[in-house]
Number of protein chains: 2
Amino acid sequence: MKVSSRGEYALRALLVLARNRGEEMMPLSGISEQILVPAPYLEQILLRLKQHGYVKSKRGSNGGYTLRVRPKDVVIGEVVRQLEGPLAPMGCVSLTAYEACPLEEGCLLKPLWALVRDTVAHVLDRTTLEDLLTGKLPENRC
Amino acid sequence: MKVSSRGEYALRALLVLARNRGEEMMPLSGISEQILVPAPYLEQILLRLKQHGYVKSKRGSNGGYTLRVRPKDVVIGEVVRQLEGPLAPMGCVSLTAYEACPLEEGCLLKPLWALVRDTVAHVLDRTTLEDLLTGKLPENRC
DNA sequence: ACCTTTCCGAGTATTTTGGTCGGGTTCGGA
DNA sequence: TCCGAACCCGACCAAAATACTCGGAAAGGT
């Protein structure tokens with residue numbers, strides 16, 4: 001049930017960029033220092049964040065990365081899905097990457113896994129980058 | 001965020017044994033057939049279930065496995081923790097296997113991971129083997 | 001005795017994870 | 001125009017976890 005380092009690092013990077021919003025672009029090295037992630041690895045991750053439209057970049061000196069969208073529009077659940085794969089604990093209940101299972105019909109576990117998937121998604125899909133910055137989690141908002 | 005096969009198989013086995021309750025002992029081969037898990041692998045898992053007190057066994061002919069405790073007393077969250085490790089998505093918010101992190105203080109992600117841990121635990125620790133058998137999940141009970 | 005069945009430690013192939021590396025491209029400035 | 005800063009991007013790699021298999025030893029029943 002762990003979340004891997006890729007997802008964690010991606011969110012850390014997005015948080016740094018969100019705080020830096022409005023300023024000039026931030027180079028890889030700058031982000032890397034702040035979040036304690038090896039620069040070459042972080043580069044891979046930023047590339048994917050860029051491909052998914054969260055981030056834009058500029059090359060050359062004074063180049064770097066910056067947020068492309070408003071923190072309010074970055075849904076944490078989506079970021080995690082795109083960097084880690086489905087939130088569902090088992091393939092048989094995944095909406096985004098369903099995998100069949102021979103025991104599936106009549107399986108007494110399936111409803112449980114579906115419930116777990118829903119509760120996790122309920123949290124992560126209702127949290128945005130802005131919420132993280134301001135410390136407003138779903139619980140507090142209800 | 002996946003649950004591994006060990007946990008899944010353990011729960012499948014417990015469900016089979018729970019349905020068989022009161023009857024004679026069920027041999028490895030019988031369980032293995034019903035839940036479609038390779039017998040030697042399942043054996044490992046049953047051994048761990050036994051060590052944790054969920055199951056008892058008898059050797060020799062007419063031997064096999066049987067549930068040691070009432071299905072009502074088997075908490076799914078505990079089974080998962082014992083076979084898969086902590087429910088927390090990150091070491092820094094794990095109650096059962098805490099791991100320090102250099103960014104920890106002031107980390108904006110920590111509260112989110114703690115919330116995820118709590119919501120997952122809220123579901124799995126409120127569900128018992130009996131609930132699975134009767135299809136009564138936490139959602140339905142509230 | 002002998003067969004059945006669990007016990008249990010060791011080995012192993014595959015996949016995932018968490019990176020590194022090297023060369024290319026693009027930009028800005030001297 | 002040349003140089004260095006910075007991103008782009010595919011390939012590679014080592015360690016760990018996963019999902020098993022195997023080979024005996026021990027115990028129970030007949």
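Just so it is clear: chains get the letters A, B, ... in the order the sequence lines come, proteins before strands, and each one is counted from 1.
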Base-pair map of DNA chain D as dot-bracket, where | denotes pairing with a different strand and pairs are Watson-Crick or G-U under 3.5 Å = ||||||||||||||||||||||||||||||
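Atom C1' of nucleotide dG19(C) and atom CG of Leu36(A) are separated by 16 Å, given to the nearest angstrom. Atom-to-atom, CG of Leu42(A) to P of dC9(D) comes out at 16 Å; the value is rounded to the nearest Å. Taking atom CD of residue Glu99(B) and atom P of nucleotide dA16(D), one finds them 13 Å apart after rounding to whole Å. Rounded to a whole Å, the CG atom of Leu47(B) is 14 Å from the P atom of dA10(C). Regarding Lys50(A), its NZ atom lies at a distance of 12 Å from the C1' atom of dA6(D), rounded to whole Å. Gln51(B) places its CD atom 9 Å from the P atom of dC7(C), with the value rounded to the nearest Å. Note: CE (Met25(A)) to P (dC27(C)) measures 12 Å, nearest angstrom. Rounded to an integer number of Å, the gap from CG of Leu83(A) to P of dT16(C) is 16 Å.
Distance CG/Leu46(A) to CG/Leu17(A): 7.0 Å, rounded to 0.5 Å.
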Going 5' to 3' along nucleotides 19-30 of chain D, which nucleotides have protein heavy atoms under 4.0 Å from the base (write B), which only from the sugar-phosphate (write S), and which from neither (write -)?
-> BBB----BSBSS
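Judged purely by distance below 3.5 Å, without hydrogens or angles, the side chains of His52(A) and Arg48(A) never pair a donor atom with an acceptor atom.
Residue Lys72(B) comes nearest to Thr128(B) through the heavy atom pair O-CG2, 3.2 Å, listed as atom of the first residue, atom of the second, then distance.
At a threshold of 4.0 angstrom between heavy atoms, the contacts of Leu46(B) with the nucleic acid are absent.
Side-chain heavy atoms closer than 4.5 Å link hydrophobic residues (I, L, V, M, F, W, Y) into clusters, and following such links, even through other members, never connects Leu83(B) to Leu47(B). Cluster membership for Leu87(B) and Leu137(B), using ILVMFWY side-chain heavy atoms within less than 4.5 angstrom, is shared.
The closest donor-acceptor contact from the side chain of Arg12(B) to the backbone of Ile35(B) lies under 3.5 Å.
With a 6.0 Å radius and a threshold of 12 heavy atoms from other residues, nucleotides or ligands, Glu24(B) has its CD atom at or below the threshold.
Looking at heavy atoms from C-beta onward, Ile76(B) lies out of side-chain contact with Asp125(B) at the 4.5 angstrom threshold.
Between Arg6(B) and Glu84(B) there is no salt bridge, since no side-chain N of the basic residue sits under 4.0 Å from a carboxylate O of the acidic one.
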